[in-house]
Amino acid sequence: MIVGTPPSQTPRTRLGEAVSRLARAHPGKSGVFALRDGQDAFAARALLAEAADRTLDVQYYIWRHDLSGTLLLAALRRAADRGVRVRLLLDDNNTSGLDAVLASLDAHPNVEVWLFNPFRNRRFRAWGFLTDFSRLNRRMHNKSFTADGEVTIIGGRNVGDEYFGAGQGVLFVDVDVLAAGPVAAEVSGDFERYWASGSSVPAARVLPRATPGAIRDLSQVPSATERRAMEYVGAVARAPFVRDLFAGRLPLEWATVTMLSDDPAKGLARAPYRAYLWPRLEPMVRPSRELRLVSAYFVPTAEGVKFLVAQARRGVKIAILTNALEATDVAVVHAGYAKWRKPLLRAGVELWEIRRSSAGPRIKDRPVTGSSGSSLHAKTLSVDGSRLFVGSFNFDPRSARLNTELGFVIDSPRLARAGAEAFAARVAAHAYQVRLSRAGRLQWVEEAEGKTRVHRREPGAGVWLRLAVWGLSKLPIEWLL
């Protein structure tokens, strides 16, 4: 393991100096900047990798071996080449086919790759679920990219073309925040906690040894994608984030920001419930007037429905945006949501379901994994126009009880209002409003080109997909969703 020099014994980094200058006027607060555009989100990560002087601590649930994933791995390698200590912690559930790439990166003297809850059998992973289900069913869903312990990016995005607006299949609508100041140091401390946890294992223990020349080939972009690579290069060239941060021009919102994350022992079912994220988040987001929730995978369960119904009945205005069946990439999760629509609507809760983008590929029935096209992937919660939650936490049993998660509670009326405005703009242009007819049947109301269209069946979904979701909703699998 690479041992770094304690920060107190090293010169201040360029990022540290820039943040320090900006933070003097906002003692105790952190500066945050929302990243709603996919290419901006990619560029911000690439630029932070280039700006780092001392450390890069990177933690993700998914890292695709596609164009954006290749380019960001190359950025990590370049940072390591100039002496930056790079640590990459990946959940092992989505690393299939990446063993040689990760082993090659790990072979660099300034890089360490660790895996969370790794599969022991690298070739037949399904066998691992059969023999070690209780452990492998618990995953690290956290997402963070932290440079020099001074600036971090957290939110809903994994690393992959679909998350950065360049996917040729699913295009995810997502939200991250770039943050500087005290909360970035907290994310660094949380990364250390996960790095040292019993679930995190050095990749060298489970991966084959890197082959000669593999590091040299690591950053080479396949020629077939060179044209698309220019889009990313152009996005980085145009992005002002780090340049404006150094110059003191980045319009950060300075606010009290609370970092919340699960105890990594949750990955081994050894953390007490009080150390989970949800029981600490829930009292912080209890509304008195208004609640706007955005969740890609919304499975409220009977307990959550009871809470939302009680809030609505005491006058809280509640609006929820999730994926329509035609847009979701995990249709089995939709089954855990669909059965709760009627009781929520009867209580006065507004339900909106984002439509598949008309620009996306033609939908196909895929009962388990879902559809191609435009899909919501964000996880945000706006409370009373004054507080905003952004993170990796989906409002479903898996996030609450099984996976580890990370997020920020931001006390900022301006950002909360911006989140509410973005919610309103998105639902008006891109979502169905789900309603009950006079006969108590579900309807999906679509406003497009000045016309109103009412769907009496799940729009955009064929009969076999609807039947599959109906059947799945009857199974006792909600705790897995």
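Computed from a predicted structure; not experimentally measured.
Taking Glu186 as the reference, Met259 meet the side-chain contact (heavy atoms from CB on, under 4.5 Å) condition, with sequence neighbours excluded.
Pairs passing the ring-ring contact (aromatic ring centres under 6.0 Å, His included) check and including a residue from residues 382-405, sequence neighbours excluded, read Trp278-Phe393, Phe393-Phe395.
Residues Arg78 and Asp81 are not paired through a salt bridge, judged by the lack of any N-O separation under 4.0 Å between the basic side chain and the carboxylate. Under a 4.0 Å N-O distance rule, the pair Asp263/Lys266 does not qualify as a salt bridge. The pair Asp132-Arg120 meets the salt-bridge criterion, since a charged nitrogen lies less than 4.0 angstrom from a carboxylate oxygen. Salt bridge Arg45/Glu50: absent, no basic N to carboxylate O contact under 4.0 Å. Remark: Glu162 engages Arg64 in a salt bridge, criterion side-chain N to carboxylate O under 4.0 Å.
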Phe129 and Phe119: ring pair (Phe, Tyr, Trp, His ring centres under 6.0 Å), yes or no, with the steps? CA-CA 9 Å; Phe129 278 113; Phe119 288 77; 5.3 Å; yes

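Under a 3.5 Å cut-off, the side chain of Arg21 and the backbone N or O of Phe246 do form a donor-acceptor pair. Panel note: side chain Arg139, backbone Asn117; a donor-acceptor pair is recorded below 3.5 Å.
In summary, the side chains of Tyr163 and Asn158 do present a donor paired with an acceptor at a separation below 3.5 Å, with no hydrogens or angles considered.
Here the closest heavy-atom approach between residue Leu73 and residue Leu105 is recorded as CD2-CD2, 3.7 Å.
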